[in-house]
Structure formats: structure tokens, C-alpha cells
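Working notes for the structure below.
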Amino acid sequence: MDLTGSLIKKYMSAYYITTPIYYPNAEPHAGNAYTTIAADVLARYHRLKGKDVCYLTGVDEHAANVYNAAKEEGLSPQAYCDKIAPTFVKLWERLNISHDIFFRTTSDLHKRGAQKFLNVLYDNGDVYKGKYEGYYCVSCEEFFSEKELTDDKVCPTHKLPLQWLEEENYFFRLSKYQERLLTHFHENPDFVYPETRRNELLNFLESGLQDVSISRASLPWGIPFPFDPKHIIYIWIEALSNYITALGYETENEEYQTFWPADVHIMGKDIARFHALLWPAMLMAANLPLPKQIVAHGWLTKDGEALSKTRGIFIDMDGNIDTYGVDAFRYYLLREFSFGNDGDYRPTRLHQRYNADLANDLGNLLNRVLGLVNKNFDGIPEPTTPGEFDEEIKQMAQKTSETLDAQMNTFAFDSALETIWEFVRRVNRYVQQTEVWTLTKPETKPRMGTILYNSLEALRFVSVLISPFIPDTAEKIQKQIGLSEFDSVADWGRLPTDLKVSKGEPIFPRVDLKKEKPQQKKETAKPKKKESEKKTDLISFADFQKMDLRVANVISAELIEGADRLLKLQVDLGTEKRQVVAGIAEHYKPDTLIGKQVIVVVNLEPATIRNVESHGMILAASGDSIVLASPETDVPLGTQVR
Ligand code: MSP
């Protein structure tokens, strides 16, 4: 390998990111999707930063669990893989995954590469013959040591009985690399992310490494040892080598030289040990450079349990994506959970995030700004008249982009999205604070144009920042603003004014849960009530959903004649003004309420109280005294409360 050339290229622009290659013993599930989406976000983010990205994913076909699944269906393992592998490709298409390589380990390129790699380990003296016996889990493809065994001898992850295996095996001298691995861990504190995982692995490493068996004589499905074809290569040794064979390790071609070593291997915490200890030791044995970072995320759970192909615990991805769209699904997974920790998937939370963050904060902002531009200008107005808050918005845009960079470098996807949304909410407030919709007179119109220009530029800026996470939405926003080609530069002030903005279809249309598909209903349905529960006054989520609560501003308040407790309020909901009667006169003087944000039940049927019409109800904590409920900080008028 031309080390010098490779290193120069790498430092300049190459970025290589991988997911694990998944077992195609069944169709992909949401856990696989979670890893693949996270890696996709990183790949897209680094492309945005001008990197030459190679994003690898694929399937790990020579597993015993694949062999068994094929047998059950009466198919050859190859025919079975040929049937299942395309289901992964199809799902990645649906999830808008931008991988560069979908790799199959039954490809000749991989077979030859894996054999070459094994030859190198053998020639370097790190492979020897010995006898192996022990308990084995076919789902993990892993032996369990005496100290890891439970009395009932089941796999702690898959809860399946372990099998006793006895074989003459080849071994890899993993123990020989213990010291070098320790040194590598200490010299590269960021080698494994997150730190908790790093510390776990470091403890394991310090407790001592044993040589590992790397051949199987009893399985008829796999890649034969190049120097002893009776044996096949142990799946993990073969699978890990895919990260180099897929690039062209066999011939050490240009792609391989450009992209190896990998910048990031992403995976679930379950397989961090293979990636952070075994794989680097194998690379050391072959005198190859090590990947820069091993990033292990937490598990996605359903009702607190790990997803499992074998145990039938799954998330209805298709149903949820049909209802909310791919971007909402991607957004929810990355916004809701902290990447290194486990996270419980809840369709109700996806629904809330959809309404609050996507439809309300982002979708409504776009709609509102486009509506105002269309109503008052012919195309994008010139920003001729600077004024209050403009500079703050501009500064915040740039700061948001910088904070985001730091968060992406530590895989803090949830914080990164929150950072972007703080900006989105600030822009909503900008529109509100400047009361831009009122500036229609000839003398104020230039200022109106400037505020709307800034709001559109802020939306373009946001679209760039969100594009790695929710790429379709980013494109839709730019199209609606009138850009014909995606402008991916996060620098303020690039938006041209010679564009025609579109009418603005809602990018996140309201989702009415009543229209939900039957299979998804099953997913989100509550378990049947127990007798004891029926007696309590629980309302269903669907009933709760019927309430439309919104934030409004009090614009006027006056006492109602002859009623000591009642006030007549006029409130502004952003889109309309209303009159509401509230029984708060004993606790609030009318003039103290002006300008206050309150929460209004807007879909309550109208009532006439003391001859005064009331269109809604104001929420308040009603105990010994009455205290109005209002958002902790000001939010755009009309914001839904959930
Ligand atoms: N084939 C091996 C990996 C070889 S890589 C050289 C394998 N495959 S797998 O099909 O079991 O997929 C494992 C990966 O899928 C996990 O590491 C993780 O990335 C993802 N997930 C599987 N279940 C998951 C969850 N419940 N939650 C999140 N991710 C999960 O192991």
C-alpha cells in the first residue's frame, strides 16, 4: 500500500464511514434502520462540508443463522440471500439512504479479499491450529466463556439455548495484541465513543484477552480457508474484513488507498467489542492502519425490550412512515434519543414531534412567511431597510452553524437538532416581534420587505443545516423559496432576490389519527383495560387529541357589568382574533393582562355568559387562587399546546 499517497489524500478530503453489515436471516428491522440512518446523516453532513465521502453498508451472508433460515424455507443459502438482500436495498431507498456501496459478502470481490487477508495473518504467524470446545450462540455467532454462562445456558441477548460445539480449529493470536491495544486506547482517548463504552471495553481489555477460534469445520456455508479448504473462515473474521475488501483490498486499488483507514465505524453497542478489540488486533497483525473511531450507539427498544428478529419484537416502520413520511421518522429517531443510550420507540412521541417541531415550528413558519411575501410583494423583496433584531438573527444563524459542527463531531444528533430548532423558534419570534404583517403602509413596506427577506434567508439557512437529517424537507423548502438548484452553503445573505416564491403547500400536512391505517392502529392501540381501570375516568389519547389548545395574546380586557368574577377578553391567535369570557376577575386586574400569553381551548363550542358571547376558554390553575397557564417563554401566536 502506498501509505504516503493514501495519507495525503485522506487528510485532504476523504471520509469513509461504515455501518455493520447486517445478517440477512430475515428482512431488516428498525434497529438496523436506526444505525443506517445515523450513518447516513454523517455521510451527508461530511459531503456538505466538502468531503469526498464513501459510505459503505451491506449484508453479512455467511452466517449460521442465515444457513438455518434458508433450510427452514427449503432454499439454498445463496438463493435465500438473493431473496433477502434486496429487501435491505429497498428499505434503504425508502429511508433515503445515500450509501455509496451496498456490499454483499457472497461477492467474489469479498471472497478473494477475505482469503488474502487470512493468508497475510497466517504468513505473519498469527494463526495456529488447536482444539476448541464451548457453548455457542448461533444468533450472536459467538462462543461464551465459563464465566459468562448462566445456569440455564441460554444466550443473554437472544434467550435461546446455547449449543455445545467441539472442533479442531484455527486460532488467531489475539492475546499477543493486548498491550498494543491498551497503548492505542490510552494514546487515542477518542478511539471509542461514547466514553462509557470505551471504559467498559478498557476494563475488558485490562482483564486479559484470549486467543480466538477463527475457523469452523462443521458448517458447509462460508468462505474456505485459503490454506486448508476443509475449514471455513469464522464469520466475524470474515465479516470485519468487509470494511477493506469492499474498497478493493484484494488489489489495493486507488479506492482502497484513498479511503482506508475508515474515519468512523458506526454500530450498536452489542458489537462494539468485535470492532474495538478484535478488528484492530487483526489490522495490527496485517500491518494495516486502524480505523479512527468506533462509535457504538444504544439500542432501540419496544416497550423496554430489545428488538429481535428471532423473538418477533418489532416496530411498524412501514405504517409509521406511511402516516408521517420518511423525514419525520428520521427526525424522530435522531431528535428523541441520545445516540449512545438506549431509547424506547413510541409512536405517540413521533406524533407529538411531528406536530410540534415539524408541522408547527418549521412548517408553519415557512407557510406564514411565503403567504406574506405572496400577498405583499412580487417575488423576494430587497433587504433595503435594516432594523431591530436583524443583526441578532444573522449572528444567531452563524452561531447555530458553528455549534452544530461541534455537536456533529461528538455524534450528539439530538442536541444538534435542538440547536437548529432554537434558531427556528427564534425566527418565528422575529416575525412575531416585528409584527411584520402590519407593515403594509407605503412608508413601512421597505421594512416589511427586509424582515421577510431575512426570514426567507433564515429558512434557506435552516434548510442547509437540516439537509443531512431530513433531506427531502430541505429540498422542499428551497423549492418553495424559489431556488431551482439546492444551495448548500451555510453563509448568511446568499439568497438572491430575483426569485419567484411558490404558493407554499404545507410541508408537514396535519395528520389526523382517526384516518390511521388499521395495522398502525394495532401498533399504537392501548392494551385492553383491566376491570379496575375501567372505573377511573381515563380518556383515550384519541379523545385528548380532539382538544385544540393554542397560545394567544391578550389584546384587551374589561369587566363584565354585574358580574364580579368575569372578564371579557379579546385575544389574538395569530391567524384570528376572538372574544373569550374568563372567570378570573377576582385575581387579575384587566390592564395587567394586556400583552400576556395565555392558552386557549379554541375548539370549545361557543357559549353566551351574562349576555356576552365566549368563543373558547382560557386555561388556569384553579385552586385557592386562580393562576393563568402560559408558556414558559413567549412562543409564536397560534402555537399548539400538547
Ligand atoms: N453481521 C453482524 C455485524 C457484522 S459487522 C462486520 C451483526 N448483524 S446484525 O444483523 O445482528 O446487526 C447488528 C446491528 O444492527 C447492530 O450492531 C446495530 O447496529 C443494529 N441493531 C440491531 N438491533 C438493534 C436495536 N434494537 N437497536 C439499535 N440497533 C440495533 O451483528
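Only heavy atoms go into these numbers, but all of them, side chains included; no hydrogens, no water, no symmetry mates. We count ligands from 1, going down the list as the structure has it; atoms in each ligand are counted the same way. Numbering of residues begins at 1 and proceeds along the displayed sequence.
- Applying the 4.0 Å criterion to heavy atoms of N32 picks out, from ligand 1, the atoms 12 (O), 15 (O), 20 (C), 22 (C).
- The Y243 neighbourhood of ligand 1 comprises atoms 5 (S), 6 (C), with distances under 4.0 Å to a heavy atom of that residue.
- Neither the backbone nor the side chain of F274 comes within 4.0 Å of ligand 1, counting heavy atoms alone.
- Counting the atoms of ligand 1 from 1 in the order shown, those under 4.0 Å from a heavy atom of M267 are 19 (O).
- A centroid separation of 6.0 Å or more is found between the aromatic rings of Y324 and F329.
- Of the candidates V66, D60, N25, D270, the one placing a heavy atom closest to atom 16 (C) of ligand 1 is D270.
- Between the choices Y34, Y23, F337, the shortest heavy-atom distance to atom 7 (C) of ligand 1 belongs to Y23.
- In summary, the side chains of S98 and D40 do present a donor paired with an acceptor at a separation below 3.5 Å, with no hydrogens or angles considered.
- Considering G58, G31, G298 only, the shortest heavy-atom separation from atom 24 (C) of ligand 1 involves G31.
- Not one N or O of H275 is nearer than 3.5 Å to an N or O of ligand 1, by distance alone.
- Between the choices I21, T18, I313, the shortest heavy-atom distance to atom 3 (C) of ligand 1 belongs to I21.
- Any N or O atom pair closer than 3.5 Å counts here, and A306 shares no such pair with ligand 1.
- A donor and an acceptor atom, one from each side chain of H110 and E238, are located under 3.5 Å apart.
- In the displayed structure, R47 atom CZ is contacted under 6.0 Å by more than 12 heavy atoms of other residues, nucleotides or ligands.
- For ligand 1, the atoms lying closer than 4.0 Å to a non-hydrogen atom of A239 are 6 (C).
- Heavy-atom contacts of H297 reach the following atoms of ligand 1: 19 (O), 28 (C), 29 (N) (cutoff under 4.0 Å).
- Per-residue contacts place I271 under 4.0 angstrom from the following atoms of ligand 1 (heavy atoms of the residue considered): 3 (C), 17 (O), 31 (O).
- A donor-acceptor pair shorter than 3.5 Å cannot be found between the side chains of N119 and Q115.
- By the 6.0 Å contact criterion, CD on E72 is open, its count of non-hydrogen atoms from other residues, nucleotides or ligands being 12 or less.
- Residue P20 places no N or O, backbone or side chain, under 3.5 Å from any N or O of ligand 1.
- In this structure, K269 does not count as a contact residue of ligand 1, since none of its heavy atoms falls inside 4.0 Å of the ligand.
- Looking at T35 next to ligand 1, an N or O pair under 3.5 Å apart turns up.
- Assignment of W236 to the shell around ligand 1 is supported, since a heavy atom sits closer than 4.0 Å.
- Ion pairing between R349 and D344 fails under the 4.0 Å rule for side-chain N and carboxylate O.
- If you check the side chains of Y128 and D211, you find a donor sitting under 3.5 Å from an acceptor.
- Taking the six-membered ring for Trp and the full ring otherwise, the centers of Y345 and Y332 sit less than 6.0 Å from each other.
- Geometrically, ligand 1 and G268 share a nitrogen or oxygen pair separated by less than 3.5 Å.
- The pair D263-K51 does not count as a salt bridge, with every side-chain nitrogen at least 4.0 angstrom from each carboxylate oxygen.
- Proximity of L300 to ligand 1, defined as any heavy-atom pair under 4.0 Å, is shared by backbone and side chain alike.
- Aromatic rings from F102 and F88 are positioned such that their centres are separated by 6.0 Å or more.
- If you number the atoms of ligand 1 from 1 as listed, the ones under 4.0 Å from a heavy atom of L307 come out as 26 (N).
- The six-membered or imidazole ring of Y331 lies away from that of F413, with a centre-to-centre distance of 6.0 Å or more.
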